[in-house]
Amino acid sequence: MDPVALRSFLADSGVEVAGDLDVHLISGGRSNLTFGVTDGATKWVVRRPPTSGLTPSAHDMNREWTVTRALQGTAVPVARTVAFDAEGTVLGAPCTVVEFVEGTVIRSASELDALDDAAVDRNVDALIRTLADLHAVDHEAVGLGEFGRPEGFVARQVKTWTRQWGIVKTRELPDVEKLAGLLADNIPTDSANAIVHGDFRVDNTILDADDPGVVRAVVDWEMSTLGDPITDVALMCVYRQPIFDRVLGLSAAWTSDRYPDTDDLAQRYATAAGVEMAHWGFYLALANFKLGVIGEGIAYRALQGSSSGEGAEKAAEATQEFMAAGLRALS
(Lines give C-alpha, C1' and ligand atoms only; values in the text may rest on other atoms or scores of the structure.)
Protein backbone atom coordinates (compact mmCIF):
# COMPACT_ATOMS: atom_id res chain seq x y z
CA MET A 1 0.00 0.00 0.00
CA ASP A 2 1.22 3.47 -0.89
CA PRO A 3 0.70 5.64 2.23
CA VAL A 4 1.26 8.88 0.30
CA ALA A 5 -1.43 8.03 -2.24
CA LEU A 6 -3.75 6.87 0.52
CA ARG A 7 -3.29 10.13 2.43
CA SER A 8 -4.10 12.09 -0.71
CA PHE A 9 -7.21 9.98 -1.28
CA LEU A 10 -8.43 10.54 2.27
CA ALA A 11 -7.88 14.27 2.00
CA ASP A 12 -9.73 14.37 -1.32
CA SER A 13 -12.58 12.49 0.38
CA GLY A 14 -12.92 15.22 2.99
CA VAL A 15 -11.15 13.31 5.76
CA GLU A 16 -8.93 15.37 8.03
CA VAL A 17 -5.44 13.82 8.17
CA ALA A 18 -3.05 15.13 10.83
CA GLY A 19 0.21 13.85 9.37
CA ASP A 20 2.02 11.11 7.48
CA LEU A 21 0.31 7.74 7.53
CA ASP A 22 1.70 4.64 9.18
CA VAL A 23 0.34 1.48 7.54
CA HIS A 24 0.58 -2.15 8.66
CA LEU A 25 -1.03 -5.39 7.49
CA ILE A 26 -3.54 -6.78 9.99
CA SER A 27 -4.58 -9.87 8.06
CA GLY A 28 -4.44 -11.34 4.60
CA GLY A 29 -4.27 -14.62 2.73
CA ARG A 30 -7.58 -16.32 1.95
CA SER A 31 -9.79 -13.28 2.50
CA ASN A 32 -9.58 -9.59 1.71
CA LEU A 33 -6.40 -7.85 2.81
CA THR A 34 -6.92 -5.70 5.91
CA PHE A 35 -4.60 -2.84 6.85
CA GLY A 36 -4.40 -0.71 9.97
CA VAL A 37 -3.70 2.95 9.22
CA THR A 38 -2.98 5.88 11.54
CA ASP A 39 -1.84 9.49 11.28
CA GLY A 40 -0.86 9.49 14.95
CA ALA A 41 -4.18 10.94 16.03
CA THR A 42 -6.83 8.84 14.27
CA LYS A 43 -6.97 5.16 13.31
CA TRP A 44 -8.64 3.67 10.26
CA VAL A 45 -8.95 0.26 8.62
CA VAL A 46 -8.46 -0.16 4.87
CA ARG A 47 -9.66 -3.28 3.06
CA ARG A 48 -8.92 -4.45 -0.47
CA PRO A 49 -9.15 -7.77 -2.35
CA PRO A 50 -6.26 -10.27 -2.23
CA THR A 51 -3.55 -9.94 -4.85
CA SER A 52 -3.93 -13.46 -6.30
CA GLY A 53 -6.56 -16.14 -6.69
CA LEU A 54 -9.17 -13.39 -7.06
CA THR A 55 -12.81 -14.44 -7.28
CA PRO A 56 -14.70 -11.16 -7.79
CA SER A 57 -17.96 -12.31 -6.20
CA ALA A 58 -16.09 -13.45 -3.08
CA HIS A 59 -14.13 -10.21 -2.64
CA ASP A 60 -16.69 -7.60 -3.62
CA MET A 61 -15.66 -4.33 -1.99
CA ASN A 62 -18.66 -2.45 -3.35
CA ARG A 63 -20.92 -4.97 -1.66
CA GLU A 64 -19.08 -4.59 1.63
CA TRP A 65 -19.22 -0.79 1.44
CA THR A 66 -22.91 -0.69 0.49
CA VAL A 67 -24.15 -2.89 3.30
CA THR A 68 -22.02 -1.40 6.09
CA ARG A 69 -23.02 2.11 5.04
CA ALA A 70 -26.69 1.13 5.05
CA LEU A 71 -26.46 -0.48 8.49
CA GLN A 72 -25.20 2.69 10.18
CA GLY A 73 -27.62 3.57 12.95
CA THR A 74 -29.33 0.15 13.06
CA ALA A 75 -29.14 -2.40 15.87
CA VAL A 76 -26.34 -4.14 13.99
CA PRO A 77 -22.90 -2.95 15.17
CA VAL A 78 -20.65 -1.97 12.26
CA ALA A 79 -17.64 0.30 11.87
CA ARG A 80 -18.34 3.88 10.79
CA THR A 81 -17.78 4.18 7.05
CA VAL A 82 -15.23 6.80 5.97
CA ALA A 83 -14.33 6.58 2.27
CA PHE A 84 -14.60 4.25 -0.73
CA ASP A 85 -12.32 3.96 -3.75
CA ALA A 86 -14.70 2.17 -6.10
CA GLU A 87 -12.44 2.35 -9.17
CA GLY A 88 -9.22 1.17 -7.54
CA THR A 89 -7.33 4.36 -8.34
CA VAL A 90 -5.48 4.34 -4.99
CA LEU A 91 -4.25 0.75 -4.62
CA GLY A 92 -4.89 -0.68 -8.05
CA ALA A 93 -8.01 -2.37 -6.67
CA PRO A 94 -11.22 -1.15 -5.01
CA CYS A 95 -10.81 -0.43 -1.29
CA THR A 96 -12.91 0.67 1.66
CA VAL A 97 -11.88 2.87 4.59
CA VAL A 98 -13.72 2.63 7.90
CA GLU A 99 -13.06 3.72 11.45
CA PHE A 100 -10.85 1.52 13.60
CA VAL A 101 -12.99 -0.21 16.22
CA GLU A 102 -11.21 -0.88 19.50
CA GLY A 103 -11.75 -4.38 20.80
CA THR A 104 -10.73 -8.02 20.64
CA VAL A 105 -10.93 -10.53 17.80
CA ILE A 106 -10.94 -14.17 18.87
CA ARG A 107 -9.63 -16.31 16.03
CA SER A 108 -7.77 -19.26 17.52
CA ALA A 109 -8.65 -21.87 20.11
CA SER A 110 -5.76 -20.64 22.25
CA GLU A 111 -7.27 -17.13 22.29
CA LEU A 112 -10.61 -18.59 23.35
CA ASP A 113 -8.88 -20.30 26.27
CA ALA A 114 -8.44 -16.87 27.87
CA LEU A 115 -12.22 -16.84 28.54
CA ASP A 116 -13.96 -18.74 31.32
CA ASP A 117 -17.11 -20.75 30.63
CA ALA A 118 -19.45 -17.94 31.70
CA ALA A 119 -17.73 -15.51 29.32
CA VAL A 120 -18.00 -18.00 26.44
CA ASP A 121 -21.72 -18.37 27.11
CA ARG A 122 -22.21 -14.58 27.13
CA ASN A 123 -20.29 -14.43 23.88
CA VAL A 124 -22.58 -16.99 22.26
CA ASP A 125 -25.67 -15.07 23.34
CA ALA A 126 -24.23 -11.84 21.93
CA LEU A 127 -23.37 -13.47 18.60
CA ILE A 128 -26.81 -15.03 18.23
CA ARG A 129 -28.56 -11.79 19.18
CA THR A 130 -26.47 -9.86 16.66
CA LEU A 131 -27.30 -12.29 13.86
CA ALA A 132 -31.01 -12.15 14.74
CA ASP A 133 -30.83 -8.34 14.78
CA LEU A 134 -29.28 -8.35 11.31
CA HIS A 135 -32.02 -10.56 9.90
CA ALA A 136 -34.65 -8.30 11.47
CA VAL A 137 -33.42 -5.17 9.66
CA ASP A 138 -35.94 -3.84 7.13
CA HIS A 139 -33.71 -3.89 4.04
CA GLU A 140 -36.09 -1.66 2.11
CA ALA A 141 -36.08 0.97 4.84
CA VAL A 142 -32.26 1.18 4.97
CA GLY A 143 -31.92 1.48 1.19
CA LEU A 144 -30.97 -2.11 0.37
CA GLY A 145 -34.02 -3.02 -1.65
CA GLU A 146 -31.84 -3.66 -4.71
CA PHE A 147 -28.96 -5.24 -2.80
CA GLY A 148 -29.70 -8.74 -4.05
CA ARG A 149 -32.30 -11.02 -5.58
CA PRO A 150 -33.96 -12.78 -2.65
CA GLU A 151 -36.51 -14.58 -4.81
CA GLY A 152 -35.07 -17.94 -5.80
CA PHE A 153 -31.98 -17.38 -3.64
CA VAL A 154 -31.70 -20.93 -2.31
CA ALA A 155 -32.14 -22.53 -5.72
CA ARG A 156 -29.42 -20.28 -7.13
CA GLN A 157 -27.12 -21.22 -4.25
CA VAL A 158 -27.46 -24.90 -5.14
CA LYS A 159 -26.77 -24.22 -8.82
CA THR A 160 -23.87 -21.86 -8.07
CA TRP A 161 -21.99 -24.23 -5.79
CA THR A 162 -22.68 -27.22 -8.05
CA ARG A 163 -21.23 -25.26 -10.96
CA GLN A 164 -18.28 -24.16 -8.83
CA TRP A 165 -17.48 -27.78 -8.01
CA GLY A 166 -17.11 -28.49 -11.72
CA ILE A 167 -14.54 -25.68 -11.90
CA VAL A 168 -12.38 -26.48 -8.86
CA LYS A 169 -12.61 -30.23 -8.31
CA THR A 170 -9.25 -31.99 -8.08
CA ARG A 171 -10.73 -35.53 -8.26
CA GLU A 172 -14.05 -37.31 -8.63
CA LEU A 173 -16.13 -37.70 -5.46
CA PRO A 174 -19.44 -39.56 -5.90
CA ASP A 175 -20.91 -38.03 -2.73
CA VAL A 176 -20.69 -34.57 -4.31
CA GLU A 177 -22.91 -35.48 -7.25
CA LYS A 178 -25.30 -37.34 -4.95
CA LEU A 179 -25.62 -34.42 -2.52
CA ALA A 180 -26.01 -31.88 -5.32
CA GLY A 181 -28.87 -33.91 -6.76
CA LEU A 182 -30.64 -34.28 -3.41
CA LEU A 183 -30.34 -30.56 -2.73
CA ALA A 184 -31.79 -29.70 -6.12
CA ASP A 185 -34.72 -32.04 -5.45
CA ASN A 186 -35.49 -30.68 -1.97
CA ILE A 187 -35.35 -26.88 -2.28
CA PRO A 188 -37.79 -25.24 0.18
CA THR A 189 -40.56 -23.22 -1.44
CA ASP A 190 -41.31 -21.02 1.56
CA SER A 191 -37.98 -19.37 2.42
CA ALA A 192 -37.80 -15.90 4.02
CA ASN A 193 -35.93 -12.81 2.80
CA ALA A 194 -33.43 -10.77 4.82
CA ILE A 195 -29.95 -9.26 4.76
CA VAL A 196 -27.55 -12.19 5.15
CA HIS A 197 -23.93 -11.81 6.19
CA GLY A 198 -22.76 -14.96 4.42
CA ASP A 199 -19.75 -15.65 6.68
CA PHE A 200 -20.91 -15.21 10.29
CA ARG A 201 -18.86 -16.61 13.16
CA VAL A 202 -16.93 -15.28 16.13
CA ASP A 203 -13.74 -14.34 14.26
CA ASN A 204 -15.72 -12.06 11.95
CA THR A 205 -16.71 -9.87 14.87
CA ILE A 206 -14.87 -7.40 17.08
CA LEU A 207 -15.73 -7.90 20.73
CA ASP A 208 -15.49 -5.50 23.63
CA ALA A 209 -12.02 -5.85 25.14
CA ASP A 210 -13.45 -6.21 28.65
CA ASP A 211 -16.66 -8.11 27.91
CA PRO A 212 -16.94 -10.77 25.18
CA GLY A 213 -20.69 -10.55 25.66
CA VAL A 214 -20.69 -7.27 23.73
CA VAL A 215 -20.15 -7.19 19.95
CA ARG A 216 -18.56 -3.88 18.95
CA ALA A 217 -18.64 -4.54 15.20
CA VAL A 218 -19.42 -7.22 12.66
CA VAL A 219 -16.80 -7.30 9.90
CA ASP A 220 -16.04 -9.11 6.61
CA TRP A 221 -19.22 -8.30 4.69
CA GLU A 222 -17.98 -9.16 1.20
CA MET A 223 -20.32 -12.19 0.94
CA SER A 224 -23.43 -10.34 2.14
CA THR A 225 -26.60 -10.11 0.07
CA LEU A 226 -30.38 -10.42 0.30
CA GLY A 227 -31.46 -14.01 0.77
CA ASP A 228 -32.73 -16.67 3.11
CA PRO A 229 -31.62 -15.92 6.69
CA ILE A 230 -31.58 -19.59 7.66
CA THR A 231 -28.65 -20.11 5.27
CA ASP A 232 -26.69 -17.74 7.55
CA VAL A 233 -27.63 -19.75 10.63
CA ALA A 234 -26.79 -23.09 9.03
CA LEU A 235 -23.42 -21.91 7.79
CA MET A 236 -22.58 -20.54 11.25
CA CYS A 237 -23.44 -23.97 12.68
CA VAL A 238 -21.55 -26.01 10.10
CA TYR A 239 -18.45 -23.88 10.67
CA ARG A 240 -18.40 -25.52 14.11
CA GLN A 241 -17.15 -28.83 12.70
CA PRO A 242 -13.52 -29.56 13.67
CA ILE A 243 -12.66 -30.39 10.04
CA PHE A 244 -13.17 -26.71 9.23
CA ASP A 245 -9.72 -26.16 10.76
CA ARG A 246 -8.29 -27.69 7.58
CA VAL A 247 -10.03 -25.05 5.49
CA LEU A 248 -8.92 -22.16 7.71
CA GLY A 249 -5.40 -23.48 8.19
CA LEU A 250 -5.44 -23.11 12.00
CA SER A 251 -7.00 -24.48 15.16
CA ALA A 252 -9.95 -22.10 15.19
CA ALA A 253 -11.84 -20.74 18.16
CA TRP A 254 -15.19 -21.38 16.51
CA THR A 255 -14.51 -25.12 16.10
CA SER A 256 -13.66 -25.50 19.79
CA ASP A 257 -15.87 -27.84 21.82
CA ARG A 258 -16.26 -25.03 24.36
CA TYR A 259 -18.90 -23.51 22.10
CA PRO A 260 -22.39 -25.08 21.92
CA ASP A 261 -23.19 -27.76 19.37
CA THR A 262 -25.24 -27.21 16.24
CA ASP A 263 -28.62 -28.04 17.82
CA ASP A 264 -28.03 -25.65 20.72
CA LEU A 265 -26.95 -22.82 18.43
CA ALA A 266 -29.95 -23.33 16.16
CA GLN A 267 -32.35 -23.36 19.12
CA ARG A 268 -30.82 -20.18 20.56
CA TYR A 269 -31.27 -18.46 17.22
CA ALA A 270 -34.86 -19.67 16.85
CA THR A 271 -35.66 -18.27 20.29
CA ALA A 272 -33.88 -14.95 19.69
CA ALA A 273 -35.42 -14.43 16.24
CA GLY A 274 -38.83 -15.90 17.07
CA VAL A 275 -38.81 -18.24 14.06
CA GLU A 276 -39.36 -21.90 13.29
CA MET A 277 -36.35 -23.72 11.83
CA ALA A 278 -38.29 -25.38 9.02
CA HIS A 279 -36.35 -27.55 6.55
CA TRP A 280 -33.36 -27.41 8.90
CA GLY A 281 -31.83 -30.59 7.48
CA PHE A 282 -31.80 -29.08 3.99
CA TYR A 283 -30.06 -25.91 5.18
CA LEU A 284 -27.41 -27.90 7.04
CA ALA A 285 -26.83 -30.00 3.94
CA LEU A 286 -26.47 -26.91 1.74
CA ALA A 287 -23.99 -25.33 4.16
CA ASN A 288 -21.91 -28.52 4.22
CA PHE A 289 -21.99 -28.66 0.44
CA LYS A 290 -20.80 -25.06 0.17
CA LEU A 291 -17.93 -25.53 2.63
CA GLY A 292 -16.83 -28.71 0.91
CA VAL A 293 -16.59 -26.87 -2.40
CA ILE A 294 -14.78 -23.96 -0.76
CA GLY A 295 -12.19 -26.32 0.73
CA GLU A 296 -11.68 -27.94 -2.66
CA GLY A 297 -11.31 -24.51 -4.26
CA ILE A 298 -8.57 -23.46 -1.84
CA ALA A 299 -6.64 -26.61 -2.61
CA TYR A 300 -7.23 -26.21 -6.35
CA ARG A 301 -5.76 -22.71 -6.34
CA ALA A 302 -2.79 -23.95 -4.31
CA LEU A 303 -2.12 -26.69 -6.85
CA GLN A 304 -2.33 -24.07 -9.61
CA GLY A 305 0.39 -22.05 -7.89
CA SER A 306 -1.88 -19.41 -6.32
CA SER A 307 -1.60 -20.61 -2.72
CA SER A 308 -3.36 -18.44 -0.16
CA GLY A 309 -1.48 -19.57 2.90
CA GLU A 310 0.70 -22.35 4.25
CA GLY A 311 -0.93 -25.76 3.91
CA ALA A 312 -3.66 -24.52 1.56
CA GLU A 313 -3.39 -27.64 -0.54
CA LYS A 314 -4.62 -29.66 2.46
CA ALA A 315 -7.98 -27.85 2.52
CA ALA A 316 -9.42 -30.46 0.15
CA GLU A 317 -9.04 -33.07 2.90
CA ALA A 318 -12.19 -31.56 4.42
CA THR A 319 -14.29 -31.91 1.27
CA GLN A 320 -15.33 -35.53 1.67
CA GLU A 321 -16.25 -35.05 5.32
CA PHE A 322 -18.43 -32.03 4.54
CA MET A 323 -20.20 -33.89 1.75
CA ALA A 324 -20.81 -36.91 3.99
CA ALA A 325 -22.20 -34.63 6.71
CA GLY A 326 -24.48 -33.03 4.15
CA LEU A 327 -25.86 -36.39 3.14
CA ARG A 328 -26.46 -37.31 6.79
CA ALA A 329 -28.37 -34.06 7.31
CA LEU A 330 -30.79 -35.04 4.55
CA SER A 331 -31.22 -38.66 5.62
Side-chain angles (χ1 to χ4, degrees), residues 26-36 43-47 63-65 67-81 96 98-116 118-137 194-225 229 231-240 244-245 247-248 250-256 258-260 262 264-266 268-269 272-273 287:
I26 296 176
S27 66
R30 298 175 191 178
S31 186
N32 286 337
L33 303 181
T34 304
F35 297 87
K43 295 179 180 179
W44 301 278
V45 171
V46 180
R47 299 247 298 162
R63 180 171 299 278
E64 183 165 300
W65 173 259
V67 69
T68 53
R69 193 166 179 81
L71 290 172
Q72 306 288 309
T74 70
V76 183
V78 290
R80 185 179 65 84
T81 51
T96 63
V98 300
E99 69 173 354
F100 179 86
V101 178
E102 297 286 352
T104 300
V105 178
I106 299 176
R107 292 188 176 90
S108 68
S110 60
E111 291 169 337
L112 185 66
D113 288 342
L115 305 183
D116 61 24
V120 171
D121 193 61
R122 290 199 310 276
N123 176 237
V124 172
D125 282 344
L127 293 172
I128 296 297
R129 185 173 59 253
T130 299
L131 188 60
D133 285 344
L134 171 65
H135 296 158
V137 171
I195 304 169
V196 296
H197 181 274
D199 198 17
F200 191 83
R201 55 182 191 265
V202 67
D203 50 308
N204 281 336
T205 66
I206 300 173
L207 307 175
D208 185 273
D210 298 319
D211 185 359
V214 175
V215 177
R216 291 296 181 198
V218 179
V219 298
D220 290 5
W221 291 89
E222 63 264 31
M223 298 295 289
S224 60
T225 188
T231 61
D232 247 0
V233 184
L235 194 60
M236 173 186 68
C237 289
V238 170
Y239 280 146
R240 288 279 295 109
F244 187 52
D245 286 350
V247 177
L248 291 176
L250 79 159
S251 180
W254 193 239
T255 63
S256 168
R258 297 190 63 207
Y259 277 117
T262 293
D264 191 348
L265 286 175
R268 290 192 191 206
Y269 174 86

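Taking CG of D220 as the reference point, atom OG1 of T68 lies at 11.5 Å (rounded to 0.5 Å).
Without hydrogens or angle criteria, R268 side chain to V124 main chain gives no donor-acceptor distance under 3.5 Å. At least one donor-acceptor pair closer than 3.5 Å links the side chain of R258 to the backbone N or O of L115. For the pair R63 (side chain) and S224 (backbone), a donor-acceptor distance under 3.5 Å is present. In terms of modelled atom types and a separation under 3.5 Å, the side chain of Q72 and the main chain of A79 share a donor-acceptor contact. At least one donor-acceptor pair under 3.5 Å links the side chain of T74 to the backbone N or O of V76. In terms of modelled atom types and a separation under 3.5 Å, the side chain of W254 and the main chain of Y259 share no donor-acceptor contact. Under the 3.5 Å distance criterion, the side-chain polar atoms of R240 are matched with a main-chain donor or acceptor of P260.
With a 6.0 Å radius and a threshold of 12 heavy atoms from other residues, nucleotides or ligands, R69 has its CZ atom at or below the threshold.
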Query - Stepwise side-chain contact (heavy atoms from CB on, under 4.5 Å) test for V67 and I195 - result: CA-CA 9 Å; V67 69; I195 304 169; 4.0 Å; yes
Query raised in the report: Are F244 and V238 close enough, and set up right, to give a side-chain contact (heavy atoms from CB on, under 4.5 Å), and what steps lead you there?
Result: CA-CA 8 Å; F244 187 52; V238 170; over 6 Å; no
Report task. List the steps, then state whether side-chain contact (heavy atoms from CB on, under 4.5 Å) holds for R201 with L235. Result -> CA-CA 9 Å; R201 55 182 191 265; L235 194 60; over 6 Å; no
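The shortest side-chain heavy-atom distance between V202 and N123 falls under the 4.5 Å cut-off. Within the 4.5 Å cutoff, no side-chain heavy atoms of P212 are placed close to those of T104. Contact check for F200 versus L134: no side-chain heavy atoms found under the 4.5 Å cut-off.
When all heavy atoms of P77 and T130 are compared, the closest pair comes out as CD-CG2, 4.0 Å. Looking at every heavy atom in both residues, V219 comes nearest to H197 through O-NE2, 2.8 Å. Shortest non-hydrogen contact noted between V78 and W221 is CG1-CZ2, 3.7 Å.
Partners of D208 according to the salt bridge (charged side-chain N to carboxylate O under 4.0 Å, His left out) rule, which considers only residues two or more places apart in sequence or in another chain, are R216. Partners of H135 by side chain to side chain donor-acceptor pair (under 3.5 Å), not counting sequence neighbours, listed by chain and number: D232, Y269. Legend: residues meeting side chain to side chain contact (heavy atoms under 4.5 Å, CB included) with F100, ordered by chain and number and at least two apart, are K43, V45, E102.
Put simply, the residue from N204, L265, V218, V215 that forms a side-chain contact (heavy atoms from CB on, under 4.5 Å) with L127 is V215.
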